[in-house]
Amino acid sequence: LLTVSCTMSSDKHLVFVYGTLKRDNFNHRLLTDAEFIGTAVTKEPYPLVIASRYNIPFLLPYAGQGHRVTGEVYSVNSEQLKNLDHLEMHPHVYERREMIVNLTQSSAAVDTSCLSYFLVRSLPKLLELPHLDCFVDGVNGRWYVNPQLRTGEPFRFEVQLPPEGTQEEVEAWKKL
């Protein structure tokens with residue numbers, strides 16, 4: 001079994017996306033110049049949930065729970081990775097972590113190490129939500145609300161701020 005590394009070179013990284021960064025979704029605009037490598041499914045099951053009043057897909061960092069999640073793999077340069085980190089508010093809200101996905105290439109499946117974003121400060125109640133194997137915007141009439149259209153209280157009921165949070169973490173959290 002062949003395993004491919006998540007860092008292809010000093011400036012190329014493989015990233016697994018599972019939500020609004022996938023093709024035909026709102027945040028995919030950040031990947032239009034990235035190289036699409038292929039579709040993939042996580043090697044381990046993870047809980048993928050839709051939460052908040054903004055219908056945001058969250059991948060929770062609990063390997064072994066949920067389903068094997070289907071998504072897409074892209075090769076990104078360091079600048080694109082920095083833009084993804086900014087979108088995901090890494091490391092304050094989501095955390096970029098390495099994971100193994102089963103990448104389908106030319107009818108063969110290859111275990112591939114990729115970077116992906118997990119909601120690491122999730123509240124335990126999110127585990128009670130339905131676990132999905134694939135994000136599709138609009139499922140059950142729940143459409144993702146892009147940040148420009150969000151009003152009112154942020155989704156603080158899904159994310160917990162550490163009691164000793166830095167000023168930068170507090171400011172990032174307030175923007176949610």
Side-chain angles (χ1 to χ4, degrees), residues 3-8 10-22 25-28 30-31 34 37 40-52 54-103 111-129 131-135 144 147 150 154-176:
T3 300
V4 178
S5 171
C6 64
T7 303
M8 300 171 65
S10 62
D11 190 51
K12 289 291 183 180
H13 312 274
L14 293 178
V15 177
F16 173 77
V17 299
Y18 54 83
T20 63
L21 285 163
K22 294 189 317 182
N25 284 276
F26 181 79
N27 290 315
H28 183 72
L30 295 175
L31 293 173
I37 302 297
V41 62
T42 59
K43 186 169 182 168
E44 297 285 329
Y46 287 95
L48 172 63
V49 300
I50 306 299
S52 90
Y54 306 122
N55 303 316
I56 298 170
F58 296 117
L59 190 61
L60 307 180
Y62 304 107
Q65 297 185 42
H67 302 286
R68 293 180 66 203
V69 176
T70 300
E72 300 168 353
V73 175
Y74 291 86
S75 173
V76 299
N77 61 35
S78 294
E79 184 65 27
Q80 291 164 325
L81 187 62
K82 182 179 171 186
N83 291 336
L84 295 176
D85 284 350
H86 179 74
L87 171 74
E88 304 293 6
M89 292 187 247
H90 166 74
H92 310 296
V93 176
Y94 287 87
E95 186 174 285
R96 178 172 24 98
R97 294 183 176 182
E98 199 168 323
M99 69 183 319
I100 303 294
V101 298
N102 195 257
L103 178 65
D111 279 353
T112 305
S113 177
C114 291
L115 302 171
S116 196
Y117 293 89
F118 290 88
L119 184 68
V120 293
R121 294 197 175 119
S122 61
L123 294 174
K125 70 177 187 172
L126 291 185
L127 283 171
E128 299 170 13
L129 294 173
H131 298 173
L132 307 174
D133 60 1
C134 183
F135 171 75
Y144 171 76
R150 297 178 189 171
F155 55 86
R156 294 180 185 174
F157 300 108
E158 284 76 24
V159 179
Q160 61 187 5
L161 183 67
E164 308 274 327
T166 66
Q167 183 62 33
E168 185 181 11
E169 288 175 320
V170 170
E171 292 307 312
W173 189 70
K174 286 178 180 177
K175 293 177 185 176
L176 297 178

Do you know which two heavy atoms are closest between [X] and [Y], and how far apart they sit?
{"X": "Pro47", "Y": "Leu127", "result": "CG-CD2, 3.7 Å"}
{"X": "Lys12", "Y": "Ser75", "result": "CD-OG, 3.5 Å"}
{"X": "Val76", "Y": "Ala34", "result": "CG1-CB, 3.9 Å"}
{"X": "Met99", "Y": "Ser116", "result": "SD-CB, 3.4 Å"}
{"X": "Leu21", "Y": "His28", "result": "O-ND1, 2.9 Å"}
{"X": "Gly71", "Y": "Lys22", "result": "CA-CD, 4.2 Å"}

Check your understanding: Can Ser78 and Asp11 be said to form a side-chain hydrogen bond (donor to acceptor under 3.5 Å, both in side chains), step by step?
Key -> CA-CA 5 Å; Ser78 294; Asp11 190 51; 2.8 Å; yes
Practice item. List the steps and the verdict of side chain to side chain contact (heavy atoms under 4.5 Å, CB included) for Val49 and Leu60. Key: CA-CA 8 Å; Val49 300; Leu60 307 180; 4.3 Å; yes
I'd like to check [X] versus [Y] (side-chain heavy atoms, cut-off strictly below 4.5 Å). Are they in contact?
{"X": "Leu84", "Y": "Leu30", "value": "yes"}
{"X": "Pro45", "Y": "Gln65", "value": "no"}
{"X": "Glu95", "Y": "Tyr117", "value": "no"}

**Study point:** Residue list, salt bridge (charged side-chain N to carboxylate O under 4.0 Å, His left out) with Arg68, at least two apart or on another chain
**Key:**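 Partners of Arg68 by the salt bridge (charged side-chain N to carboxylate O under 4.0 Å, His left out) criterion come out as none, since no residue qualifies.
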Review point. Run the side chain to side chain contact (heavy atoms under 4.5 Å, CB included) check on Val101 and Lys43 step by step: do they pass?
Key: CA-CA 5 Å; Val101 298; Lys43 186 169 182 168; over 6 Å; no
To the nearest 0.5 Å, what is the distance between [atom1] on [X] and [atom2] on [Y]?
{"X": "Thr42", "Y": "Ile100", "atom1": "OG1", "atom2": "CD1", "value": "11.0 Å"}
{"X": "Leu14", "Y": "Leu103", "atom1": "CG", "atom2": "CG", "value": "8.0 Å"}
{"X": "Leu132", "Y": "Leu59", "atom1": "CG", "atom2": "CG", "value": "10.5 Å"}
{"X": "Thr20", "Y": "Tyr144", "atom1": "OG1", "atom2": "OH", "value": "4.5 Å"}
{"X": "Phe16", "Y": "Glu98", "atom1": "CZ", "atom2": "CD", "value": "14.0 Å"}
{"X": "Asp133", "Y": "Leu48", "atom1": "CG", "atom2": "CG", "value": "8.5 Å"}

Exercise for review: Taking the six-membered ring for Trp and the full ring for Phe, Tyr or His, determine whether the centres of Phe118 and Tyr46 are under 6.0 Å apart.
Suggested key: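 That pair passes the under 6.0 Å test.
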Practice item. Only counting residues at least two apart or in another chain, list the ones meeting ring-ring contact (aromatic ring centres under 6.0 Å, His included) with Phe26. Key: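 For Phe26 there are no ring-ring contact (aromatic ring centres under 6.0 Å, His included) partners, ignoring immediate neighbours.
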Practice item. Give the intermediate values and the outcome of side chain to side chain contact (heavy atoms under 4.5 Å, CB included) for residues Leu81 and His13. Key: CA-CA 8 Å; Leu81 187 62; His13 312 274; 3.8 Å; yes
Point to revise | Donor-acceptor contact below 3.5 Å, side chain Asn77 vs main chain Glu79 | key: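 Looks like yes, one N/O pair under 3.5 Å.
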Practice item. Mind running side chain to side chain contact (heavy atoms under 4.5 Å, CB included) on Cys134 and Tyr18 for me, showing each step along the way? Key: CA-CA 7 Å; Cys134 183; Tyr18 54 83; over 6 Å; no
Review point. Can you find a side-chain donor-acceptor pair between Tyr94 and Asp85 that sits under 3.5 Å?
Key: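 No donor-acceptor contact under 3.5 Å links the two side chains.
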**Study point:** side-chain hydrogen bond (donor to acceptor under 3.5 Å, both in side chains) partners for Tyr74, two or more places apart
**Key:**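 Result, side-chain hydrogen bond (donor to acceptor under 3.5 Å, both in side chains) vs Tyr74: Glu72.
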